[in-house]
Amino acid sequence: MLTLKLITEQTEKVIRGLEKKHFGNAKEAIDKAISLDRNRRETQQKLDACLAEQKKCAAEIGALMKQGKRDEAEAAKAKVAALKEESQAFQQQMNEVESALTAHLCTIPNIPYDIVPEGSCAEDNIVVKSSLRECKEGDTVGNWDTVPANTEAKLPHWELAKKYNLIDFDLGVKISGAGFPVYVGLGARLQRALINFFLDEARNSGYTEIMPPTVVNAASGYGTGQLPDKEGQMYHCEVDDLYLIPTAEVPVTNIYRDVILDEKDLPIKNCAYTQCFRREAGSYGKDVRGLNRLHEFSKIEIVRIDTPEHSEQSHKEMLEHVEGLLCKLELPYRILRLCGGDQSFTSAICYDFEVYSEAQGRWLEVSSVSNFDTYQANRLKCRYRRIADKKTELCHTLNGSALALPRIVASILENNQTAEGIRVPKALVPYMGCEIIK
RNA sequence: GGAAGGAUGGCAGAGUGGUCGAAUGCGCUGGUCUCGAAAACCGGUAAACGGGUAACUGUUUCGGGGGUUCGAAUCCCCCUCCUUCCGCCA
């Protein structure tokens with residue numbers, strides 16, 4: 001959530017930011033936050049004064065008791081009883097205002113950085129870079145018509161998966177349901193190859209590998225913002241009140257919940273491979289065909305915790321890392337800077353990576369790399385102590401997929417079809433043990 | 001799953017109703033001493049939320065929540081987690 005400091009000190013900027021994100025009634029929402037905050041502070045002042053008086057009286061009674069002045073002590077007790085009633089009322093008011101304020105702040109999204117383009121939908125996203133051609137000012141998804149040169153009719157990945165016996169979707173339906181594919185033989189090996197390749201690449205870029213739990217408690221869900229609003233997107237084990245993670249971001253980022261880090265330890269760079277679970281309620285049609293959208297899939301996530309001064313540099317390095325992966329996998333890609341309206345609720349700036357799927361004739365999103373500024377850290381209470389003045393400040397948090405497997409597998413299969421079989425990208429040959437999937 | 005014990009500052013660990021935000025030790029940090037270092041000695045060393053330009057100052061926090069009391073780290077109730085023993089078991 002946004003900090004009250006930002007809302008009260010830079011109100012106009014916040015309102016403009018929310019409008020850029022196409023958040024309705026920005027002014028109204030901010031005014032409400034400010035008024036709740038004022039109410040909270042006033043209530044606290046009254047409560048504090050009341051409690052201070054109460055403490056003072058209690059100390060006096062103690063002193064009187066010691067001196068044996070019982071009568072005076074009894075008289076003072078009556079006074080405290082009245083004060084206590086008053087302070088309890090203030091306390092209740094305080095609790096109510098505070099939870100109303102927090103609940104309200106949770107409904108307000110993060111504000112975008114200045115360089116985030118204006119726009120309301122995916123068409124307005126800016127193409128900043130592509131492996132296919134130079135990008136120029138004004139290139140957007142809406143006017144982008146470049147596709148790889150070699151696009152004669154080819155098979156989509158769900159047919160290739162069957163042809164080469166790599167993935168059995170029907171078997172997955174039998175065992176679990178739609179969206180739970182069974183990887184077989186070289187198909188399974190390709191999963192392991194990609195996981196190892198991505199983890200090795202992350203380690204070579206200085207990320208510390210984490211293997212976290214894939215099931216988390218509610219507190220962690222709140223920490224990264226999946227709860228309370230996205231409750232329906234996660235699988236929930238009711239008996240134990242635990243949630244299956246939708247991404248490794250949840251357990252890894254929550255490592256730093258309620259933590260004060262040393263500035264010298266920043267940036268923290270973690271990577272993690274986990275299975276990810278998503279209910280994907282409401283998805284349908286071509287979006288869910290084959291590997292395009294699954295209930296369970298493998299993903300390698302990179303997470304950074306950094307200082308405000310250095311987080312932009314960190315974000316740049318993360319983008320370069322992800323781009324490097326796509327280059328090594330020899331896939332045709334483009335990088336989008338998302339416009340205000342298409343950005344996620346929590347990000348301050350976000351870049352999407354898309355790979356062209358020849359057989360499907362469309363671009364598939366394979367990675368999002370975001371900087372959340374202090375938005376996530378504020379809810380997590382993730383802070384660091386500055387070396388200069390020893391003050392604590394909120395950290396910046398960043399994360400990105402590097403990468404999620406299903407759509408990468410789809411693109412590798414579809415983009416590498418030859419008469420002999422599926423050509424394995426050079427970088428994966430050592431992991432696959434073969435140059436071609438027959 | 002059954003039984004017992006426990007949860008205190010960065011760490012270890014005192015404290016069982018009244019200046020306790022909390023002894024002591026370690027760690028960290030500033031200083032004295034020294035050519036320098038070590039040792040020794042002296043001092044500092046939690047966070048959140050308020051008020052104040054500031055110096056400073058109020059409140060809250062001893063796993064979490066509730067209760068008793070004029071007053072709770074300390075007494076009572078509930079919850080969570082940890083340890084040990086028994087049972088079960090990759």
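Lettering of chains follows the sequences in order, A, B, ..., and the numbering in each one begins at 1.
Arg38(A) comes within 4.0 angstrom of nothing in the nucleic acid, heavy atoms only. Using a 4.0 Å heavy-atom cutoff across all strands shown, Lys84(A) reaches at least one base atom of the nucleic acid. Ala52(A) comes within 4.0 angstrom of the backbone, heavy atoms only, and of no base. Within 4.0 Å of Gln44(A), counting heavy atoms only, lies at least one base atom of the nucleic acid.
G1(B) and C77(B) have their C1' atoms separated by 25 Å, given to the nearest Å. Annotation: C75(B) and C62(B) have their P atoms spaced 14 Å apart (nearest Å). Taking atom C1' on both A46(B) and C11(B), the two are 14 Å apart, rounded to the nearest angstrom. Spacing between G13(B) and G63(B) at atom P, rounded to whole Å, works out to 15 Å. Only the P atoms considered, G65(B) is 15 Å distant from U80(B), to the nearest whole Å. Taking atom P in both G44(B) and A23(B), the straight-line distance is 12 Å, to the nearest Å. Straight-line distance between the C1' atoms of C28(B) and U16(B): roughly 32 Å, to the nearest whole Å. C79(B) and G2(B): their P atoms are spaced 13 Å apart (whole Å).
A side-chain contact (heavy atoms from CB on, under 4.5 Å) with Ile412(A) is found for exactly one of Asn416(A), Val409(A), Asn415(A), namely Asn416(A).
In this structure, G71(B) makes no Watson-Crick or G-U wobble pair, since no nucleotide meets both defining distances under 3.5 angstrom. For A54(B), there is no paired base (Watson-Crick or G-U wobble, both distances below 3.5 Å). Pairing for U29(B) is with G43(B), a Watson-Crick or G-U wobble pair whose two hydrogen-bonding atom distances lie under 3.5 Å. Of the nucleotides present, U84(B) is the one that pairs with A3(B) by Watson-Crick or G-U wobble criteria, both distances under 3.5 Å. Across the strands present, A37(B) finds no partner; the criterion is a Watson-Crick or G-U wobble pair with both atom distances under 3.5 angstrom. Pair assignment for C62(B): none, as no Watson-Crick or G-U wobble contacts are both less than 3.5 Å. Of the nucleotides present, none pairs with G21(B) by Watson-Crick or G-U wobble criteria with both distances under 3.5 Å.
Residue Thr43(A) has no polar side-chain atom (N or O) positioned under 4.0 Å from OP1 or OP2 of C49(B). Between Arg385(A) and G10(B) there is no side-chain N or O to OP1 or OP2 distance below 4.0 Å.
The pair Asp306(A)-Arg304(A) does not count as a salt bridge, with every side-chain nitrogen at least 4.0 angstrom from each carboxylate oxygen. Ion pairing between Arg386(A) and Glu309(A) fails under the 4.0 Å rule for side-chain N and carboxylate O. Salt bridge annotation for Lys328(A)-Glu201(A): present, with a cationic side-chain nitrogen under 4.0 angstrom from a carboxylate oxygen.
Cation-pi check for Lys46(A) over Phe90(A) is not met; the charged atom does not lie both under 6.0 angstrom from the ring centroid and within 45 degrees of its normal.
What separates CG of Asn95(A) from P of U59(B) is a distance of 18 Å, to the nearest Å. If you take CD of Glu74(A) and P of C70(B), they are 9 Å apart, rounded to a whole angstrom. Here the P atom of nucleotide U59(B) and the CZ atom of Arg41(A) are 20 Å apart, to the nearest Å. One interatomic measurement links the two molecules: CD1 of Ile260(A) to P of G10(B), which rounds to 8 Å at whole-angstrom precision. Taking atom CD of Glu85(A) as the reference point, atom P of C70(B) lies 13 Å away to the nearest angstrom. In this structure, CE of Met94(A) is placed 11 Å from C1' of A48(B), rounded to the nearest angstrom. Atom NZ in Lys264(A) sits roughly 12 Å away from atom C1' in G10(B) (whole-Å rounding).
Summary of the strand contacts: Lys390(A) and Ala76(A) both lie near RNA chain B, and taking for each the nucleotide with the nearest heavy atom, the more 5' one is attributed to Lys390(A). Nearest-nucleotide positions on RNA chain B for Val80(A) and Gln88(A) put Gln88(A) closer to the 5' end.
Closest to the Asp48(A) side chain, of the nucleotides A48(B), C49(B), U59(B), is U59(B). Of the candidate nucleotides G50(B), G58(B), G18(B), G18(B) has the atom lying nearest to any side-chain atom of Ala58(A).
Side-chain atoms of His295(A) do not come within 3.5 Å of backbone N or O of Gly179(A) as any donor-acceptor pair.
The shortest distance between side-chain heavy atoms of Leu405(A) and Lys299(A) does not fall below 4.5 Å.
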